[in-house]
Structure formats: C-alpha cells, structure tokens
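Report on the structure given below.
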Number of protein chains: 2
Amino acid sequence: MTYQDVLSALANPTRRLLLESLRNQPQTVGELSSDQAVSRPAVSQHLKVLKQAGLVTNESKGTRRIYSTSAEGLIALRRYLDDYWSDALEAYGTEINRRQTK
Amino acid sequence: MTYQDVLSALANPTRRLLLESLRNQPQTVGELSSDQAVSRPAVSQHLKVLKQAGLVTNESKGTRRIYSTSAEGLIALRRYLDDYWSDALEAYGTEINRRQTK
DNA sequence: GCTTACCGTAAGCTATGACTTACCAAGATG
DNA sequence: CATCTTGGTAAGTCATAGCTTACGGTAAGC
C-alpha cells in the first residue's frame, strides 16, 4: 500500500466511480456492478486494486462481500503531496486551513 | 487540465521523478534527460503530459525550453480530494492544520 | 441434498501507454 | 552561410491495463 498504488488506482475513472459510490454507503459487489457500465468480474478486479491501494476494505457476510471505503490510501497520498509538494501548495494550504477552522 | 489529467500524470514513476527533479530548480529538456534512465524524446513526451496536467510550465530561451513546476495541477488534485474525501480525511486534516499553524 | 445466488479467478482479446529510432525545424556558433 | 545544438514529433514495437466470457467454490434457500 504505497502512494504509487493509490495514484494508479485513482487514475482510473471506473475505480473512482466505484469509490464515490461506496462513499454513500457500503455495498456488495452485486450492488456496485448493477449501477456500473462494466461487468461484475470487472468490478471485482477493480475492487482488488482499490483494496491493494488501501482505498477500500471488505467483510464477508455469507457469500456476500460488503465493501466500504478506507482512509488509509488517501492518507498515504496526502502524505506524499505534503512531503513533496507542500511548498507549491502553501497558498492553497491556507485555504484548507480556513476551511478546517470554521 | 482536470484532476483526471493530474492523477494519470502522477501515476507514472518517471514523470514523478521528472517533477521531483524540477522541484529543485528549473531545467532544460537536455538537463532533465541526462539524469534520467529514459531517452530525451521520452522525456519530451512526459513533459507534454505534465504540462497538459498543469504540473509544469515552460518558457523558450533560444532553442532551449526551460521547464519549471506549476502548482495548478496540484491544486486541482487537492480540490478533488477535499471535495470528495474531506470526511474520510478529517482526522488527517487536523494534522495538516497543526502543521500549517506552526 | 439440489438448486440458486454471490463473487473471485482464469484465459483470452484489444486498446493504449511507455519506450525506441529516425527525422525535422529553429536558433546558436564559428 | 555552414554546421552544430536543442528539442518536438512521427512511426513502430512491446508490455500491460481493462475488459469480456467461462468456470468453480461456497453459502443460502427450499
């Protein structure tokens, strides 16, 4: 689970859609693929990548796998951005600060 | 210049190396490719992608093209992360806050 | 128990990303 | 000017990401 994994995971639009759908509520693979353009196996494969990147977790409930978002991957990404690019982002960091404090 | 562009640009290790090298100081294409594993045309192609993503800019000086980093792309990325994932990142956001205020 | 629902994995196809060499245009240099 | 330097682009190759269909294994439901 490196920021490399996170970046390539997030670079794919279908995976972002899956993630953004999971943001609303945890879902099974079937539910996720029902409102997705691609097939269920494709969704399974994407979820594998997302899991490897620390962006989702899952638990088993019978034969169902319930997937939820996980913050770990995002934290790793943000850490990379901060470590390497905080200077460049300082101006915008102030903006973050403003939002956080309100 | 969308966060999609930024994510796929950053997903490539060679492009990150180029960016991180430019972080130290602006450089020409020749300088950049001299300490890079890949050929000069490859560097040119990567720079094109980075520019499209708003991560670098360049100016011409004779036949030389001097590339520098640009914050625009990073800002777009951070905006995406904040808009979609601020909840997930709230805990870490506090950490950002702490750093910013010191 | 037999059948059905759920989902991961294997195998194969296709498109594309990352690289190379070859080429060309434009400015520097003698 | 003639030549060299710089770097963008074209064309072609190779690996792989993303998809599909087919299959198999495990739990649920009757």
Side-chain angles (χ1 to χ4, degrees), chain A residues 1-22 25-70 73 77, chain B residues 1-22 25-70 73 77:
Chain A
M1 206 228 62
T2 64
Y3 63 81
Q4 164 71 68
D5 296 331
V6 180
L7 283 168
S8 29
L10 288 180
N12 180 277
T14 304
R15 279 195 289 266
R16 280 202 309 278
L17 285 180
L18 288 171
L19 257 191
E20 288 159 16
S21 170
L22 285 178
Q25 70 282 326
Q27 277 170 282
T28 65
V29 178
E31 286 164 351
L32 280 168
S33 54
S34 70
D35 48 58
Q36 208 67 34
V38 299
S39 69
R40 188 193 47 73
V43 170
S44 259
Q45 289 159 17
H46 282 308
L47 288 170
K48 189 179 183 179
V49 174
L50 288 170
K51 187 175 182 181
Q52 163 67 21
L55 290 165
V56 304
T57 57
N58 66 341
E59 56 174 323
S60 293
K61 200 142 198 174
T63 84
R64 314 253 178 107
R65 307 295 143 82
I66 301 167
Y67 281 82
S68 328
T69 56
S70 161
L77 173 56
Chain B
M1 204 228 65
T2 63
Y3 63 81
Q4 164 72 69
D5 296 331
V6 179
L7 283 168
S8 28
L10 288 180
N12 180 279
T14 303
R15 279 196 288 267
R16 280 201 309 278
L17 285 180
L18 288 170
L19 257 192
E20 287 160 17
S21 171
L22 285 177
Q25 71 280 327
Q27 276 168 283
T28 66
V29 178
E31 287 165 348
L32 279 169
S33 53
S34 70
D35 48 58
Q36 208 68 32
V38 298
S39 69
R40 187 191 49 71
V43 170
S44 261
Q45 290 159 16
H46 282 308
L47 287 170
K48 189 179 185 180
V49 174
L50 288 169
K51 187 176 183 182
Q52 163 69 21
L55 289 165
V56 303
T57 57
N58 66 339
E59 56 175 323
S60 293
K61 201 142 198 173
T63 82
R64 314 256 178 105
R65 308 296 144 80
I66 301 166
Y67 282 83
S68 327
T69 56
S70 161
L77 173 57

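Protein chains get the first letters and strands the later ones, always in sequence-line order, with residue 1 at the start of each. Computed over heavy atoms, backbone and side chain alike; hydrogens, waters and symmetry mates excluded.
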Whole angstrom value for the distance that separates [atom2] of [N] from [atom1] of [X]:
{"X": "B/Leu7", "N": "C/dG17", "atom1": "CG", "atom2": "P", "value": "15 Å"}
{"X": "A/Ile66", "N": "C/dG8", "atom1": "CD1", "atom2": "C1'", "value": "16 Å"}
{"X": "B/Tyr67", "N": "D/dT6", "atom1": "OH", "atom2": "P", "value": "15 Å"}
{"X": "B/Arg16", "N": "C/dG17", "atom1": "CZ", "atom2": "C1'", "value": "15 Å"}
{"X": "A/Asp5", "N": "D/dA17", "atom1": "CG", "atom2": "C1'", "value": "15 Å"}
{"X": "A/Leu50", "N": "C/dG8", "atom1": "CG", "atom2": "C1'", "value": "15 Å"}
{"X": "B/Arg65", "N": "D/dT5", "atom1": "CZ", "atom2": "P", "value": "17 Å"}
{"X": "B/Leu32", "N": "D/dT6", "atom1": "CG", "atom2": "P", "value": "14 Å"}

If you compare every side-chain N and O of A/Arg64 against the phosphate oxygens of C/dC6 (OP1, OP2), does one of them come in below 4.0 Å?
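So the side-chain polar atoms of A/Arg64 do come within 4.0 Å of the phosphate oxygens OP1 or OP2 of C/dC6, strictly under.
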Can you confirm whether B/Leu17 sits close enough to B/Asp35 that some side-chain heavy atom of one is under 4.5 Å from a side-chain heavy atom of the other?
no
Between protein and nucleotides 18-30 of chain D, map the contacts as a letter string: B base, S sugar-phosphate only, - none, heavy atoms under 4.0 Å, written 5' to 3'.
SBBBB---BBS--
Counting any heavy atom closer than 4.0 Å, what does B/Ser33 reach on the DNA or RNA strands: base, sugar-phosphate only, or nothing?
nothing
B/Thr14 and B/Asn12: which non-hydrogen atoms are nearest, and at how many Å?
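Of all heavy-atom pairs spanning B/Thr14 and B/Asn12, the closest is N-OD1, 2.9 Å.
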Do [X] side-chain atoms and [Y] backbone N/O form a donor-acceptor pair below 3.5 Å?
{"X": "A/Arg15", "Y": "A/Ser8", "answer": "yes"}
{"X": "B/Gln4", "Y": "A/Ala11", "answer": "yes"}
{"X": "B/Ser33", "Y": "B/Gln36", "answer": "no"}
{"X": "B/Glu59", "Y": "B/Tyr67", "answer": "no"}

